[in-house]
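Written out below as structure tokens is the structure these notes cover.
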Amino acid sequence: MIPFNTVAMVDWSGGNDTGPTPRKDAIWLGLVRDGVELPPRYLRNRAVAEAALTELIEGECSAGRRLLLGFDFPFGFPKGFAAGLTGCPDPFAVWEWLEARIEDTPRANTRFDLAGEINARFPGTGPFWFNGLKRDIAHLPRQNTRRGHGLPDRRVVENIARGAFTCWQMGGAGAVGGQVLTGLPVLNRLRHRFDGQLAVWPFEPLSSPVAVVEVWPTLINGAVKKASALGGIRDAHQVRLLARAVARLSLDDLSDMLDVSAPEEGWIMGLGHEDKLEKAASGGLHPPPLRDDCFALPAGVDWAPVDEAHELLRGRLGPVTGAVRLAAVQTLGRVLAEPVRAARANPPQPNSAVDGYAFAHSDTGAGAQVLPLAPGRSAAGVPYGAALPGGHALRILTGASLPEGADTVILQEDVTRGEGEIAFRGPVKRGANTREAGEDVAEGAQILPAGRVITPADLALMAATGVGDVTVREALRVAVISTGDELAEAGGPASGHQIYDANRPMLLAMLERFGAVPRDMGRVPDDRAALRAALDKAADGADAILTSGGASAGDEDHVSALLGGTGSRALWRIAIKPGRPLALGLWRGVPVFGLPGNPVAAMVCTLVFARPALGLLAGQGWSLPEPMLLPAGFAKSKKPGRREFLRARLRDGRVEVFASEGSGRISGLSWAEGLVELEDGAREIAPGDAVRYYPYSAFGL
Ligand code: AMP
Ligand code: MG
């Protein structure tokens, strides 16, 4: 099978126009093109939807891309219906029959009358039932009182798809009958319009560029539930996640799902393959997964200096998050997955930088100048609208377009204004007080690189250069687990031998500042089975995991022991203070940063190691903060062999350090406003010597 470049999924609706505001139970379109997810589109009625689908199919076909297009309603009816209605078992005969008869406008449609009309052609009562209207409709029972119509209740596929509604039910929560009667006519028109380019599964071979398939969002109900719990419209999640899931399937899996024979009734694509669809919908690591040995230390490395540890991380980690298209204005704090180019020059036309008078430079010279004023003026947003007559000047305001024929502006303060003329002293520089078209940004120029974290200023730049949509990475989801038998929940009761879990609130908050989505996975005791279960749970739906405590090689250091058991762990003994060994490893493919339990060490290791590593995973590339070289407000004799970080703050231009270096002193973390970094070698620091200071803000806090 030839792969599909674009996957689009439609959540159909048999109801009438739902208004301009996106809402549930309307038509929604989810789309993934070349692996990039577009935001789901709300289509307020079927006419709008049909136009959007026509445009989509035309666009994909003319670009030479293959499109898989899914709809969430049955393409066929239970066996015998097609022949009973049209005299022919061909499902397309039913499509033609329905298209010829239904009347469908954004305000009203005749689906209930049509159901009655069909019932009249079959013996007994039914097969269609449920009338959503006040008036009675001949042959359409309001309740499920059908019998004697001679047709099966369900398609074969619906006997397997647990919870699927039958196409005979015309209304009520979850019913699909109305969608079929309004949807098939639209599909029939698309089929004719794109004759030869579009094939309907499973009735036709899928050799054309466009394949239309029947889908059922319930197959990925787990992923939809999870996403909906975080907010948003369920229908939008359904189409988005279904498109994502199908787009991520391997070609083999997709071929398997399409390998079905159901020539009259049709089939639900993916039925029986829910596990694969759910897995693909839930995301996980879809850029190339990290290598199993990404945290292995090279042979012979015992104590790694900080710089060496950084180089190892930098060389082995890469982005793990997927990409989505978003409106530029919605991207504050997001990471660009692709560079952004200016859609328009800034400024788009030459304009005036001041309030003054515009003229052609060639009409002026040195000494006293007098120019007649052309009537009218050019103001921002209200251009002069004509060419400036030769030898004339024109009143012009800041930001206004220069009229054709003018290339120079003189400041109003430098002019004497008379009756219908101005006087000033020359010479004036050609182009004075004007801005050239594109002098700031040329059309098509790259304005922002991939990996950029979008700032408020970037929003201005993108707006000014006409950028509509951009491709950003999904936010990195980072789970946080605290370990230790001694921990009690902050704010709760604690016995004398317990301490409150201080790391979790700190780490969750730091992650938020880093632009990640933190996930609180709670505390676990020093128990291997409990920790294993917590890591399993965290790995399901997170891109990275931070643990604190239990990271070194003692009896109760279960984090390092468990990661060691996966064969992918490395206990990194880094020459740093504060900070004991850091346990790094992959747990079910998800990188785990096993931080020390001491809050001071946990924070320093997060800032110095986890933060740049998470930046790589999130697609930002590698970046370390720039230190400020500032005079020390303290004296210290530092031993060689390890890098030290001291809790510090800036007062009166000097760097003060916290009175105690004890790594259990949480008060010092809060007292501090940054860290001082003392290099690996020995050093005697006297007050006034330059030291490397990083305000917390340099780490993004
Ligand atoms: P560990 O790395 O598990 O040996 O812990 C080192 C020290 O940090 C011990 O004194 C622990 O009690 C303390 N500690 C561990 N986890 C936390 C936490 N979440 N909050 C506060 N202190 C902790
Ligand atoms: Mg512990």
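Starting from 1, each residue takes its place in the sequence as its number. Ligands are counted one by one from 1 in listed order, and the atoms in each one are counted from 1 as well. Computed over heavy atoms, backbone and side chain alike; hydrogens, waters and symmetry mates excluded.
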Is any side-chain heavy atom of [X] less than 4.5 Å from a side-chain heavy atom of [Y]?
X: Arg519; Y: Val480; answer: no
X: Leu584; Y: Phe593; answer: yes
X: Tyr693; Y: Glu673; answer: yes
X: Leu614; Y: Leu511; answer: yes

I'd like to know if the side chain of Thr455 pairs up with that of Asp458 as donor and acceptor (distance under 3.5 Å, no hydrogens or angles considered).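 Per modelled atom types, Thr455 and Asp458 side chains form a pair under 3.5 Å.
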Pairing donors with acceptors under 3.5 angstrom, does anything connect the side chains of Arg325 and Thr471?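 There is such a pair (donor and acceptor under 3.5 Å, judged by atom type) between the side chains of Arg325 and Thr471.
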Atom indices of ligand 1, in the order listed, that fall short of 4.0 Å to a heavy atom of [X]:
X: Glu486; answer: 11 (C), 12 (O), 15 (C)
X: Gly550; answer: 1 (P), 2 (O), 3 (O)
X: Ser482; answer: 19 (N)
X: Pro599; answer: 21 (C), 22 (N)
X: Tyr500; answer: 20 (N), 21 (C)

Report the part of Ser552 (side chain from C-beta onward, or backbone N, CA, C, O) that has a heavy atom under 4.0 Å from ligand 1; answer both or neither where that applies.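 Ser552 to ligand 1: no contact under 4.0 Å from either part.
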Do the ring planes of Phe658 and Trp671 sit parallel (below 30°), tilted (30 to 60°) or perpendicular (above 60°)?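 Ring orientation of Phe658 relative to Trp671: tilted.
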How are the rings of His310 and Phe609 set to each other: parallel, tilted or perpendicular (split at 30° and 60°)?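 Rings of His310 and Phe609: tilted, 30 to 60°.
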Surrounding CZ of Arg41 (heavy atoms of other residues, nucleotides or ligands, distance under 6.0 Å), is the total greater than 12?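 Check fails, neighbour count at 12 or below.
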What residue and heavy atom of the protein are closest to atom 4 (O) of ligand 1, and at what distance?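 The protein heavy atom lying closest is Arg580 NH2, 3.0 Å.
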Nearest protein heavy atom to atom 19 (N) of ligand 1, by residue and atom, and its distance?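 Answer, as residue, atom name and distance: Asp501 OD1, 2.7 Å.
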Does Ile499, backbone or side chain, put an N or O under 3.5 Å from an N or O of ligand 1?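 In fact, backbone or side chain, Ile499 has no N or O that close.
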Do ligand 1 and Asp557 have nitrogen or oxygen atoms that lie under 3.5 Å from each other?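 So ligand 1 has no N or O lying under 3.5 Å from an N or O of Asp557.
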In this structure, does ligand 1 have an atom that sits under 4.0 Å from one of the heavy atoms of Arg504?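 Arg504 does not count as a contact of ligand 1 under the 4.0 Å cut-off.
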Would you tell me which option among Pro505, Gly597, Ala502, Ala601 has the nearest heavy-atom contact to atom 8 (O) of ligand 1?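 Nearest heavy atom to atom 8 (O) of ligand 1 lies in Gly597.
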For atom 7 (C) of ligand 1, the option (of Val480, Asn503, Asn598) bearing the nearest heavy atom: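 It is Asn598 that holds the nearest heavy atom.
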